[in-house]
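One structure is given below, encoded as structure tokens.
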Amino acid sequence: MEPTRNLALELVRVTEAAALSAARYMGRGNKEAADYAAVEAMRLVLKSINMDGVIIIGEGEKDEAPMLYNGERVGNGAPPEVDIAVDPIDGTRPLAFGRSNSIATVAVAPRGAMFDPGPFVYMNKIAVGPEARGVVDIEAPVIDNLKAIARARGKSLEDLTAIVLDRPRHEQLIAEIRGAGARLRQIPDGDVAAALMTCMPDTGIDVLMGIGGTPEGVLAACALRALGGEIQGKLYARNEDELRRGQEMGYDFDRILTMDDLVRSDDVFFAATGITDGELLRGVKYYRGGARTESIVVRGMTGTVRRIVAEHRLQKLKMFSDIRY
């Protein structure tokens, strides 16, 4: 059997372009400008790829930022027909304030395979790496999940590390994690990167818990499916009006969304490039005449994970690219 096309090796150019464009804004306090730069770079490269793509998980509605909007067609129209999930900057605030773990991400799956959350932008999630796959239940008490993960990973509960977005809504969750005796890492943003960390032993993260973005949940599901991990989610309504609208549209906020619900295919591709330094990826580094990026590229069908360190000659790129690096 001949090797088949690995679309992720082309998608990494998309995340590299977004990272290179956004990284200039590190620490400048302007997340809107950074997001706009990343979106425009990502859109330009996406249009050049041989695929007939539709954006299912777009960017920007939650924060009123520039969008690669839901339903937008990308690629040059050639086969294959695919769904696309994007987050040009996972961690806009960390980037804007010069903090860690800001990344650019994109995922692709066969047409019709991705969960479409519509206008509902929040989801309760639990994500784990391969060793703990199959032992968690998003509806179980926090301590039960932590004990199950510890058993599966052969660790004591006190050695386990959970990662949670630092939000007031997580006050009870944080109290329960601490009460169980587990270690806790609180982050300001960036729960795609946090979910991926559960699959990377060197990061020391065992589980992601809590309410974050629904688009980020679908992106993380694509990556975790390819990496052998697991994510479960439940749509989260911020108020009674949102709950009512969701029910009228046919969404079930009590339903557990499994991996197969969030992305219904093993034929997934995922790429991410670091913008600022983090446990998952090193950020963009500039030097005279160029820049260095680090990316992760994952293919679901084979489970192959590649780390790509690229040297970019910016003056040469500017000769034939409209992207502002």
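Computation of the quantities below employed the complete heavy-atom set of this structure, encompassing side-chain atoms and omitting hydrogens, waters and symmetry-equivalent molecules. All figures in this text were calculated on a predicted structure; none of them were measured in a lab. Here, residue 1 is the first one in the sequence, and each next residue gets the next number.
Remark: side-chain polar atoms of H170 are not paired, donor with acceptor, to backbone N or O of G210 under 3.5 angstrom. Of the possible donor and acceptor atoms, one in the side chain of N70 sits under 3.5 Å from a partner among the backbone N and O of G58. No side-chain donor-acceptor contact under 3.5 Å links T92 to the backbone of I89. No side-chain donor-acceptor contact under 3.5 Å links R313 to the backbone of G289. One N or O on the side chain of E242 and one on the backbone of R238 form a donor-acceptor pair closer than 3.5 Å. A donor-acceptor contact shorter than 3.5 Å links the side chain of D83 to the backbone of G112. Checking side-chain atoms of T273 against main-chain N and O of A19 turns up no donor-acceptor pair under 3.5 Å.
Looking at residues two or more places apart in sequence or on another chain, you find a side chain to side chain contact (heavy atoms under 4.5 Å, CB included) between V268 and A109, A226, V263. With sequence neighbours excluded, the residues that form a side chain to side chain contact (heavy atoms under 4.5 Å, CB included) with A18 are A38, M42, A104. The ring pair (Phe, Tyr, Trp, His ring centres under 6.0 Å) test applied to F120 returns Y251, F253, not counting sequence neighbours. For R255, the salt bridge (Lys or Arg N to Asp or Glu O under 4.0 Å) partners two or more places apart in sequence, or in a different chain, are D261.
How far CG of N6 is from OG1 of T302: 6.5 Å, rounded to the nearest 0.5 Å. Rounded to the nearest 0.5 Å, atoms CG (L219) and CG (D90) are 8.0 Å apart. Atom CD of E240 sits about 12.5 Å away from atom CZ of R245, to the nearest 0.5 Å. Rounding to the nearest 0.5 Å gives a distance of 7.0 Å between CG of L146 and CD1 of I143. Rounded to the nearest 0.5 angstrom, M197 CE and D191 CG are separated by 10.5 Å. Residue D202 holds its CG atom at 12.0 Å from CD1 of I205, rounded to the nearest 0.5 Å.
When all heavy atoms of A221 and L262 are compared, the pair lying nearest together is CB-CB, 3.6 Å. Closest approach of G274 to L281, counting heavy atoms only: N-CD1, 3.5 Å. Minimum interatomic distance between A34 and L95 (heavy atoms only, all atoms of both residues): CB-CD2, 3.7 Å. Taking every heavy atom of both residues into account, I174 and Q186 meet most closely at CD1-OE1, 3.3 Å. A107 and F270 get closest at one heavy-atom pair: CB-CD1, 4.0 Å. The nearest pair of heavy atoms linking M259 to L224 is CE-C, 3.8 Å.
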Could you pull out every donor-acceptor pair under 3.5 Å between side chains of residues 131-138 and any protein atom, sequence neighbours left out?
{"from": "E131", "atom 1": "OE1", "to": "R153", "atom 2": "NE", "distance (Å)": "2.8"}
{"from": "E131", "atom 1": "OE1", "to": "R153", "atom 2": "NH2", "distance (Å)": "3.2"}
{"from": "D137", "atom 1": "OD1", "to": "E139", "atom 2": "N", "distance (Å)": "3.0"}

Using distance only, find each side-chain donor-acceptor pair of residues 20-27 under 3.5 Å and give its atom names and separation, not counting sequence neighbours.
{"from": "S21", "atom 1": "OG", "to": "A17", "atom 2": "O", "distance (Å)": "3.1"}

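Surrounding NZ of K285 are more than 12 heavy atoms belonging to other residues, nucleotides or ligands, all under 6.0 Å away.
When side chains are defined from C-beta on, L9 counts as touching I308, because their heavy atoms get closer than 4.5 Å. For the pair V309 and T293, the minimum side-chain heavy-atom distance is 4.5 Å or more. Counting heavy atoms from C-beta outward, I211 and M123 have side chains that stay 4.5 Å or more apart. The side-chain heavy atoms of T258 and E230, taken from C-beta on, include no pair separated by under 4.5 Å. Taking 4.5 Å as the limit, some side-chain heavy atom of L173 sits within range of a side-chain heavy atom of M209. Taking 4.5 Å as the limit, every side-chain heavy atom of K125 sits out of range of all side-chain heavy atoms of Q232. Side chains of V142 and I177 form a contact here, defined as non-hydrogen atoms less than 4.5 Å apart. The shortest distance between side-chain heavy atoms of R151 and L157 does not fall below 4.5 Å.
Evaluation of the salt bridge (charged side-chain N to carboxylate O under 4.0 Å, His left out) test over residues 156-176, restricted to residues two or more places apart or in two chains, returns R167-D189. Residue pairs meeting the side-chain hydrogen bond (donor to acceptor under 3.5 Å, both in side chains) criterion with at least one partner in residues 96-111, sequence neighbours excluded, are N101-E279. Sorted by first and then second residue, the pairs that involve residues 9-18 and meet salt bridge (charged side-chain N to carboxylate O under 4.0 Å, His left out), not counting sequence neighbours, are R5-E10.
In the hydrophobic cluster analysis, where Ile, Leu, Val, Met, Phe, Trp and Tyr join through side-chain heavy atoms closer than 4.5 angstrom, L11 is grouped apart from I296. No chain of hydrophobic side-chain contacts below 4.5 Å, direct or via other Ile, Leu, Val, Met, Phe, Trp or Tyr residues, connects V192 to V297. I231 and L257 fall within the same hydrophobic cluster, where Ile, Leu, Val, Met, Phe, Trp and Tyr residues are linked whenever their side-chain heavy atoms come under 4.5 Å apart, directly or through other members. In the hydrophobic clustering of ILVMFWY residues, with side-chain heavy atoms under 4.5 Å counting as a link, V45 and V12 come out apart. Placement of I163 and Y236 in two distinct hydrophobic clusters is found when ILVMFWY residues are connected by side-chain heavy-atom separations under 4.5 Å, directly or transitively.
Using a 4.0 Å cut-off between charged side-chain N and carboxylate O, R244 and E248 make a salt bridge.
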Test log, rule side-chain contact (heavy atoms from CB on, under 4.5 Å), inputs L165 and I187: CA-CA 5 Å; L165 286 172; I187 54 172; 3.9 Å; yes
Audit row: R306, T304, side-chain contact (heavy atoms from CB on, under 4.5 Å) steps and yes/no: CA-CA 7 Å; R306 291 179 171 89; T304 302; 3.7 Å; yes
Residue pair I126, N145: steps toward the side-chain contact (heavy atoms from CB on, under 4.5 Å) verdict: CA-CA 9 Å; I126 185 168; N145 277 317; 3.8 Å; yes
Test log, rule side-chain contact (heavy atoms from CB on, under 4.5 Å), inputs V128 and I149: CA-CA 8 Å; V128 292; I149 296 165; 3.8 Å; yes
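Annotation for Y287: hydrophobic cluster partners, listed by chain and number, are none (ILVMFWY side-chain heavy atoms under 4.5 Å, direct or chained). Cluster partners of F97, using a side-chain heavy-atom cutoff of under 4.5 Å among ILVMFWY residues and allowing indirect links: none. Membership of an apolar cluster is not assigned to M301, as no side-chain contact below 4.5 Å to another ILVMFWY residue is traced.
Exactly one residue among R183, R185, K155 makes a side chain to side chain donor-acceptor pair (under 3.5 Å) with T161. That residue is R183.
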